[in-house]
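Residue numbers begin at 1 in each chain, while the letters A, B, ... track the order of the sequences.
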2 protein chains.
Amino acid sequence: MTTIDEVAQLAGVSPATVSKVLNNRPYVSAEKRALIERVIAETGFVPSQRARGLSKRRSYIFGMLIPYTSNQLFADPHLLECIRGIEDVANTHDYNMLLSTARAPAEAASACVRLLRSDVIDGAIVLETIDLQPFTEVLQQHDAPMVAIGYAQGTALHAIHADDYGGALSAMHYLLSLGHRRIGIVSSVLRPFALEERLRGVRVALEARGLCLNEQLIALGDFSSISGEAAGRALLAQPEPPTAIFALNDRMAIGVMRAARELNISIPEQLSVIGFDDIPTASMATPPLTTVRQPGFALGDTAANVLFALLDGSMPPPAAVIPTELIVRGTTAPPLH
Amino acid sequence: MTTIDEVAQLAGVSPATVSKVLNNRPYVSAEKRALIERVIAETGFVPSQRARGLSKRRSYIFGMLIPYTSNQLFADPHLLECIRGIEDVANTHDYNMLLSTARAPAEAASACVRLLRSDVIDGAIVLETIDLQPFTEVLQQHDAPMVAIGYAQGTALHAIHADDYGGALSAMHYLLSLGHRRIGIVSSVLRPFALEERLRGVRVALEARGLCLNEQLIALGDFSSISGEAAGRALLAQPEPPTAIFALNDRMAIGVMRAARELNISIPEQLSVIGFDDIPTASMATPPLTTVRQPGFALGDTAANVLFALLDGSMPPPAAVIPTELIVRGTTAPPLH
DNA sequence: CTGAAAGCGCTTACAG
DNA sequence: CTGAAAGCGCTTACAG
């Protein structure tokens with residue numbers, strides 16, 4: 001491996017001068033700069049990050065922390081988009097991503113502390129799959145730049161999340177404007193904060209019409225399509241079944257569609273269905289699923305930008321909300337009368 | 001942040017001695033060792049990896065390279081298991097995992113070169129989503145430890161893969177032993193080498209019975225369940241439909257099951273179905289899917305062990321094959337006569 | 001504009 | 001068993 005000293009020797013200059021062109025700083029004569037650049041190109045020299053990091057007190061690596069208590073969440077195609085968004089920004093900043101997938105939140109937090117203390121990472125993005133409370137201590141001990149993708153309630157983490165509330169609100173507004181009044185909701189037993197927000201959107205939309213959320217019309221799943229199918233069957237088996245079902249994620253919505261098909265209930269004529277997320281499968285379903293799009297890429301992109309702002313010492317806004325969007329496709333129509 | 005010098009000062013010894021206990025090496029008196037250990041515990045000192053790496057010429061980080069040309073593959077729950085297997089071993093060796101997800105294989109390879117040259121990683125595990133050819137050059141330039149999860153045909157990479165051939169063979173043996181003779185195959189347009197191997201298993205099993213692979217009974221999908229559904233419909237709509245269908249991955253097998261249900265063909269009475277992978281959804285389907293289990297965790301675990309063997313300078317076996325296993329569940333039965 | 005020197009925080013022979 | 005010294009490969013003031 002070529003070192004900066006070798007490059008300096010070949011170019012007949014001091015390593016300090018080479019360092020200047022490496023970090024493109026001024027005060028280097030045009031000729032020397034050109035010469036050095038040629039030598040660098042010829043030798044294919046790339047500065048050693050660990051040596052560089054030792055003097056700059058940076059590792060140029062950040063951690064991506066994913067406490068994967070639930071495989072379900074990791075299986076979400078949404079996450080991939082999010083990671084892509086993060087990576088894109090990271091590349092721009094010449095940063096690399098360390099992946100750490102601890103089991104429990106406490107483990108994740110202590111792993112994070114180790115990574116920070118041992119200078120392996122300069123900061124971290126934490127995916128809120130569950131409780132982020134343990135990370136509060138991490139932040140107190142180290143004032144390391146950290147941002148959460150999620151709500152990060154009760155922590156001092158910078159939080160980035162999608163507009164779950166607004167998305168649910170517009171989905172319900174749409175169903176109500178189509179004329180639906182008996183709207184079934186497929187919620188979940190596990191209630192991450194994002195889900196609470198979606199439920200809040202549901203309630204507010206109903207209240208705006210003087211309606212309230214009928215407990216009878218709520219069925220519980222676990223985010224999987226199988227559980228959505230069971231929930232759909234339960235809702236549709238009622239004496240007075242809903243004319244529309246809003247499933248709080250796409251996989252469950254797809255399960256609802258399967259339940260309807262088995263019961264020979266046609267969509268959207270006899271039943272409207274709306275999901276949440278806009279996973280790739282949503283647009284490929286028959287009929288294509290009307291859903292609330294959650295922009296995974298934008299989430300990752302924004303989170304990464306906040307992280308790098310913190311790393312640069314600038315102070316980003318404390319919380320960012322990424323807009324969601326209702327995508328009307330083929331599973332929604334006015335109710336039969 | 002505490003440094004080794006501070007610890008040394010507090011313990012009244014030289015940094016060299018602290019270094020010895022840090023790397024638990026001999027020639028330190030019991031009392032000094034105890035004293036130093038106490039100081040370390042009190043201060044919560046953790047040695048800086050970048051400083052350590054600078055003298056040891058190691059980063060204690062390896063790359064996990066995922067050229068994600070196809071989202072489909074990344075969406076595979078299988079991959080998560082694999083990563084878990086890798087991480088488990090990495091933790092044991094005090095190594096961390098850098099995640100790099102380039103778009104094209106050539107990009108992935110050049111990203112890998114940069115990471116290697118800049119001392120960011122000591123080696124890498126490459127996921128074979130597509131062509132690994134570009135990595136051959138990487139290996140030639142740097143003799144860095146690299147292992148591929150896949151077949152890595154025509155490269156010098158150490159390759160780890162599941163026994164796709166054997167798995168397909170046993171699935172077909174099983175169907176044939178049940179008495180099936182018209183067996184439909186759901187293959188794919190895209191044909192990674194793993195799929196070729198599964199097809200080879202299919203052919204060999206048939207030939208052993210004096211049968212051959214009837215082109216009429218092959219339908220093509222793209223690994224998704226939607227495509228499996230279409231493929232299933234196509235196969236079952238034939239004048240003389242198959243009595244069993246072997247889908248070359250689970251998601252397509254689940255699609256086949258949906259197609260059968262819509263056509264009112266009961267499983268396993270009128271149609272047997274076998275998948276490949278054993279993703280979580282497989283056992284939750286109704287009826288639960290008979291499939292060939294591909295042990296993701298073992299794949300990751302083995303790949304990581306090979307990588308660390310290479311890093312330690314020992315020479316691991318050039319290729320490892322992870323056994324697959326036929327899991328008989330509820331979708332297979334003898335054909336009606 | 002240029003370079004000598006010190007320093008980042010460890011480890012590794014080498015004397016003692 | 002113990003520690004002084006040099007070195008890993010960069011960067012950063014500081015003189016010139």
Side-chain angles (χ1 to χ4, degrees), chain A residues 1-37 39-40 43-61 94 96 114-122 142, chain B residues 1-37 39-40 43-61 94 96 114-122 142:
Chain A
M1 259 337 46
T2 7
T3 68
I4 200 176
D5 284 17
E6 291 169 29
V7 172
Q9 206 142 42
L10 286 174
V13 299
S14 76
T17 306
V18 177
S19 176
K20 270 173 204 147
V21 350
L22 244 28
N23 297 279
N24 45 65
R25 281 205 308 243
Y27 305 119
V28 179
S29 67
E31 357 169 28
K32 295 225 163 172
R33 184 181 295 272
L35 176 59
I36 290 169
E37 272 164 355
V39 174
I40 288 175
T43 55
F45 167 70
V46 179
S48 163
Q49 288 297 322
R50 55 179 169 242
R52 186 154 187 264
L54 194 55
S55 14
K56 301 256 275 192
R57 294 152 166 285
R58 286 234 183 170
S59 65
Y60 300 96
I61 294 173
D94 272 312
N96 288 111
R114 291 216 131 259
L115 290 170
L116 249 16
R117 296 200 77 115
S118 59
D119 291 341
V120 174
I121 60 174
D122 296 336
H142 314 257
Chain B
M1 255 342 41
T2 6
T3 69
I4 200 177
D5 284 18
E6 291 168 28
V7 172
Q9 205 142 44
L10 286 174
V13 298
S14 77
T17 306
V18 177
S19 176
K20 271 173 204 148
V21 349
L22 243 29
N23 297 280
N24 46 63
R25 282 206 308 245
Y27 304 120
V28 179
S29 66
E31 357 168 28
K32 294 224 164 171
R33 186 180 294 273
L35 176 60
I36 291 168
E37 273 165 353
V39 174
I40 288 175
T43 55
F45 167 70
V46 178
S48 162
Q49 288 296 323
R50 57 180 166 243
R52 185 151 188 266
L54 193 55
S55 15
K56 301 254 273 192
R57 297 154 162 283
R58 287 234 182 169
S59 66
Y60 300 97
I61 295 173
D94 272 312
N96 289 112
R114 292 216 131 258
L115 291 171
L116 249 16
R117 297 199 76 115
S118 59
D119 291 342
V120 174
I121 60 175
D122 297 336
H142 313 258

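Rounded to a whole Å, the CD1 atom of A:Ile4 is 14 Å from the P atom of C:dA4. Computed from coordinates, the B:Ile40 CD1 to C:dC10 C1' distance equals 13 Å when rounded to whole Å. Summarising the geometry, the separation between CG on A:Leu54 and P on C:dC8 is reported as 9 Å, rounded to the nearest angstrom. Following rounding to the nearest Å, B:Leu35 (CG) and D:dC1 (P) show an atom-to-atom distance of 16 Å. In this structure, CG of B:Leu22 is placed 11 Å from P of C:dT12, rounded to the nearest angstrom. Distance, B:Asn24 CG to C:dT12 C1': 16 Å, rounded to whole Å. Atom CG of A:Asp5 and atom P of D:dC8 are 9 Å apart (whole Å). Going from atom CZ of B:Arg58 over to atom P of C:dT11 covers 14 Å, rounded to whole Å.
Among the nucleotides C:dC10, C:dC8, D:dC1, the one closest to the side chain of A:Ser55 is C:dC8. Each of D:dC10, D:dG3, D:dC1 was ranked by its minimum atom distance to the side chain of B:Tyr27; first place goes to D:dC1. For A:Lys32, counting side-chain heavy atoms from C-beta on, the closest listed nucleotide (D:dG9, C:dG3, C:dC10) is C:dG3. Taking only side-chain atoms of B:Arg52, from C-beta outward, the nucleotide of C:dC10, D:dT11, D:dC10 with the closest atom is C:dC10.
OP1 or OP2 of C:dT2 lies within a sub-4.0 Å distance of a side-chain N or O belonging to A:Ser29. Between B:Arg25 and C:dT11, a side-chain N or O to OP1/OP2 separation shorter than 4.0 Å is absent. Residue A:Thr17 places at least one side-chain N or O closer than 4.0 Å to OP1 or OP2 of C:dG3. For B:Ser19, a side-chain nitrogen or oxygen approaches OP1 or OP2 of C:dT11 to under 4.0 Å. Applying the 4.0 Å criterion to OP1 and OP2 of D:dC8, one finds that B:Arg50 has every side-chain N and O outside that range.
Here the closest non-hydrogen pair linking A:Val28 and A:Lys20 is CG2-CB, 3.6 Å.
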**Message:** Evaluate A:Ile4 against A:Phe45 for side-chain contact (heavy atoms from CB on, under 4.5 Å), listing each step before the verdict.
**Reply:** CA-CA 8 Å; A:Ile4 200 176; A:Phe45 167 70; 4.1 Å; yes
**Trace of the side-chain contact (heavy atoms from CB on, under 4.5 Å) decision for A:Gln49 with B:Arg117** = CA-CA 9 Å; A:Gln49 288 297 322; B:Arg117 297 199 76 115; over 6 Å; no
**Request:** With side-chain contact (heavy atoms from CB on, under 4.5 Å) as the test, would you mind laying out the steps for B:Arg52 and B:Asn23 before giving the verdict?
**Result:** CA-CA 11 Å; B:Arg52 185 151 188 266; B:Asn23 297 280; 3.1 Å; yes
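Of the candidates A:Asn96, A:Val46, A:Asp94, A:Val46 is the only one forming a side-chain contact (heavy atoms from CB on, under 4.5 Å) with B:Arg114. With B:Val7 as reference, B:Thr43 is the one residue of B:Thr17, B:Val13, B:Thr43 to meet the side-chain contact (heavy atoms from CB on, under 4.5 Å) rule.
Residues B:Lys56 and B:Glu31 each lie close to DNA chain D; by heavy-atom proximity, the contact nearer the 5' end of the strand is made by B:Glu31. Where B:Ala51 and A:Ala16 meet DNA chain D, the nucleotide closest to each residue was compared, and B:Ala51 sits on the side nearer the 5' end.
In a base pair of the Watson-Crick type (N1 to N3 plus N6-O4 or O6-N4) or a G-U wobble (N1-O2 and O6-N3), with each distance short of 3.5 Å, C:dA4 is matched with no nucleotide. Remark: C:dA13 base-pairs with no nucleotide; criterion is Watson-Crick or G-U wobble with both hydrogen-bond distances under 3.5 Å.
Residue A:Asn23 is classed as a sugar-phosphate contact, given heavy-atom separations below 4.0 Å to backbone atoms only.
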